Engineer: 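Shown below is the structure under consideration.
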Amino acid sequence: MCSLFGWLDYQGIIPLKVLRKLTQSLAVAAEERGTDASGISYVRANEVVIYKRPKPAHKLHFAPPEGTAAVMGHTRLATQGNEKHNQNNHPFLGTAGDISWSLAHNGIIYNDKELRKEKQLPITSIETDSYVAVQLIESQHKLNFDSLRYMSEQVQGSFTFSLLDKNNNLYLVKGSNPLCLLHFESLGLYVYASTESIMKNALKRVGLHKFASERIEADEGDIIKIDSYGNITRSQFTPAPTYSHFSRCKWWYGDYEDYFTTYEETLVEMAHLFGADENDVIMLLDYGYSADEVADLLMDTGTFQEAVRDVKFMTGESLYEEYCGVF
């Protein structure tokens with residue numbers, strides 16, 4: 001559970017002070033989905049610049065320089081790859097042909113090791129599963145819809161990706177993880193964040209919530225390009241099959257290997273970090289909560305426990321526990 005955030009200012013009429021405040025506000029609001037590391041990327045003198053540290057966003061000062069047209073950011077809840085080794089944190093730098101770019105990822109890729117062997121990708125010291133996306137794009141020697149489609153159809157797991165190239169073109173690749181994208185046409189500004197709550201929180205801090213905006217829809221399988229002039233073009237990829245409720249039920253009968261190999265596995269493994277019982281996380285997932293919904297619940301202990309009580313009541317488990325307690 002991480003967060004993507006950023007903006008693209010295609011008219012250049014917004015004061016630098018406001019853009020810096022917007023960057024910081026988005027980063028701090030995005031802490032609700034991760035505080036292990038934070039980072040941003042932007043373009044300066046036709047070169048991609050990445051600034052990231054193994055610290056929560058509120059302990060960093062994000063101040064893109066004068067003339068910055070776009071910022072791509074990430075806050076991290078570490079799963080694979082120690083955040084203390086800054087190379088494991090997002091964004092990551094990539095090069096395809098004569099184009100350099102940066103990439104950030106929200107989600108979990110669980111076939112990264114298999115892909116590195118199968119595709120004979122270069123050995124790297126970066127341990128993060130997300131980095132295989134960079135390597136897959138680089139293997140195509142170009143950054144465009146075709147290479148993004150290739151990457152998106154190779155990786156398995158949960159994801160939404162953001163990319164920013166040296167020409168200030170922003171790409172958003174929407175998988176099963178959330179994305180909120182707004183267009184402030186009167187300001188010549190696009191703003192995006194992983195969730196609507198992060199977006200609302202950040203815009204309110206800056207005062208941009210007072211301006212009219214249009215939500216740009218993004219469905220699973222969409223690849224969206226916003227160029228430096230504010231023009232949107234789209235393409236699609238075919239999402240990999242996801243585990244069904246049937247496969248989830250098989251776990252209860254011992255077929256563990258067919259289950260919990262994605263985002264859900266990490267939620268179960270990390271439940272104790274949020275003071276939650278892993279069996280309660282499994283119960284919510286089995287009841288029909290999505291992985292993202294459970295992740296959001298874990299951020300608020302009271303809300304999580306309320307959901308657990310509701311499910312137990314609906315399934316009769318709480319009554320069973322009360323009955324057993326009598327004896």
Side-chain angles (χ1 to χ4, degrees), residues 1-2 4 34 37 39 41 50 52 72 74 76-83 85-97 99-165 171-177 179 220-224 235-244 247 256-270 291-292:
M1 186 177 64
C2 302
L4 307 176
S41 175
I50 293 175
K52 56 184 179 181
M72 186 192 78
H74 184 273
R76 185 180 183 211
L77 177 65
T79 52
Q80 181 177 314
N82 191 333
E83 73 276 6
H85 302 153
N86 201 38
Q87 63 194 17
N88 291 326
N89 298 322
H90 307 231
F92 301 102
L93 184 65
T95 304
I99 298 293
S100 59
W101 38 273
S102 55
L103 175 145
H105 166 224
N106 169 28
I108 296 176
I109 298 171
Y110 64 83
N111 67 331
D112 55 306
K113 294 180 177 62
E114 292 80 1
L115 283 171
R116 290 190 178 98
K117 292 179 181 179
E118 177 188 340
K119 305 297 182 182
Q120 298 183 330
L121 300 175
I123 296 174
T124 173
S125 60
I126 299 175
E127 303 167 304
T128 313
D129 55 314
S130 310
Y131 190 67
V132 74
V134 175
Q135 293 183 299
L136 288 170
I137 297 169
E138 288 182 329
S139 73
Q140 301 304 292
H141 309 293
K142 55 189 176 183
L143 176 63
N144 59 16
F145 286 141
D146 289 338
S147 61
L148 291 174
R149 183 181 305 109
Y150 170 79
M151 178 274 292
S152 303
E153 294 180 347
Q154 294 297 317
V155 297
Q156 297 175 8
S158 62
F159 62 82
T160 289
F161 296 99
S162 59
L163 299 94
L164 179 67
D165 72 17
Y171 295 87
L172 299 168
V173 182
K174 176 70 170 66
S176 59
N177 279 20
L179 178 68
E220 184 176 4
D222 283 348
I223 306 174
I224 300 173
S235 187
Q236 283 79 39
F237 68 93
T238 302
T242 57
Y243 286 92
S244 66
S247 67
Y256 184 84
E257 290 183 355
D258 288 342
Y259 181 50
F260 285 153
T261 54
T262 61
Y263 189 11
E264 296 173 341
E265 179 184 39
T266 300
L267 289 176
V268 174
E269 291 177 348
M270 300 186 71
D292 281 318

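None of these values were measured; they are calculated from a predicted model.
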Engineer: Less than 3.5 Å apart, any donor N or O on the side chain of Asn111 or Glu118 sitting next to an acceptor on the other?
Structural biologist: no
Engineer: Taking C-beta and beyond as the side chain, do Glu138 and Trp101 meet within less than 4.5 Å on heavy atoms?
Structural biologist: yes
Engineer: Atom CG of Asn144 and atom OG of Ser147: how far apart are they, to the nearest 0.5 Å?
Structural biologist: 4.5 Å
Engineer: Would you sort out whether Phe161 and Leu103 count as a side-chain contact (heavy atoms from CB on, under 4.5 Å), showing the intermediate values?
Structural biologist: CA-CA 7 Å; Phe161 296 99; Leu103 175 145; 4.1 Å; yes
Engineer: Taking Ser158 for the side chain and Ile108 for the main chain, is one N or O donor matched with an acceptor at less than 3.5 Å?
Structural biologist: yes
Engineer: Out of His74, His90, Met72, which one pairs with Leu4 under the side-chain contact (heavy atoms from CB on, under 4.5 Å) rule?
Structural biologist: His74
Engineer: Using modelled atom types and a 3.5 Å cut-off, is there a donor and acceptor pairing between side-chain atoms of Gln80 and backbone atoms of Glu127?
Structural biologist: yes
Engineer: Can you tell me how the ring of Phe92 sits relative to the ring of Tyr131, calling it parallel under 30°, perpendicular over 60° and tilted otherwise?
Structural biologist: perpendicular
Engineer: Which heavy atom in Leu148 sits nearest to a heavy atom in Tyr171, and how many Å separate them?
Structural biologist: CD1-CD2, 3.5 Å
Engineer: Other residues, nucleotides and ligands only: do more than 12 of their heavy atoms fall within 6.0 Å of NZ on Lys119?
Structural biologist: yes
Engineer: Rounded to the nearest 0.5 Å, how far apart are NZ of Lys117 and CG of Asp112?
Structural biologist: 11.0 Å
Engineer: Please round to the nearest 0.5 Å and tell me the distance separating atom CD1 of Ile99 and atom CG of Leu143.
Structural biologist: 7.5 Å
Engineer: Once rounded to the nearest 0.5 Å, what's the spacing between atom CD1 of Ile126 and atom CG of Leu93?
Structural biologist: 9.0 Å
Engineer: Determine the minimum heavy-atom distance between Asn106 and Cys2, stating which atoms define it.
Structural biologist: OD1-O, 3.1 Å
Engineer: Has the side chain of Gln87 got a donor or acceptor atom that lies under 3.5 Å from a matching backbone atom of Ser125?
Structural biologist: yes
Engineer: Any side-chain to backbone donor/acceptor pair from Lys142 onto Gly97? Under 3.5 Å, distance only.
Structural biologist: no
Engineer: Hey, what do you get for CZ (Arg76) to OG1 (Thr128), rounding to the nearest 0.5 Å?
Structural biologist: 4.5 Å
Engineer: Looking at Gln135 and Pro122, would you say the former's side chain and the latter's main chain have a donor-acceptor pair under 3.5 Å?
Structural biologist: yes
Engineer: Please report the shortest heavy-atom distance between Thr238 and Glu153, naming the atom on each side.
Structural biologist: N-OE2, 2.8 Å
Engineer: Minimum heavy-atom separation for His105 to Ile109, with atom names?
Structural biologist: CE1-CG1, 3.7 Å
Engineer: Which heavy atom of Gly81 sits nearest to which heavy atom of Asn88, and what is that distance?
Structural biologist: C-ND2, 3.6 Å
Engineer: Would you indicate whether the side-chain heavy atoms of Arg149 and Ile223 approach each other to under 4.5 Å?
Structural biologist: yes
Engineer: Say you draw a straight line from NE2 of His141 to CD1 of Ile137; how long is it, rounded to the nearest 0.5 Å?
Structural biologist: 13.0 Å
Engineer: Given side chains that start at C-beta, do those of Leu172 and Thr160 come closer than 4.5 Å, heavy atoms only?
Structural biologist: no
Engineer: Please find the pair of heavy atoms, one from Asp129 and one from Gly107, that lie closest to each other, and give the distance.
Structural biologist: OD2-O, 4.4 Å
Engineer: Kindly indicate, with the supporting measurements, whether the criterion side-chain contact (heavy atoms from CB on, under 4.5 Å) is fulfilled by Ile224 and Lys174.
Structural biologist: CA-CA 8 Å; Ile224 300 173; Lys174 176 70 170 66; over 6 Å; no
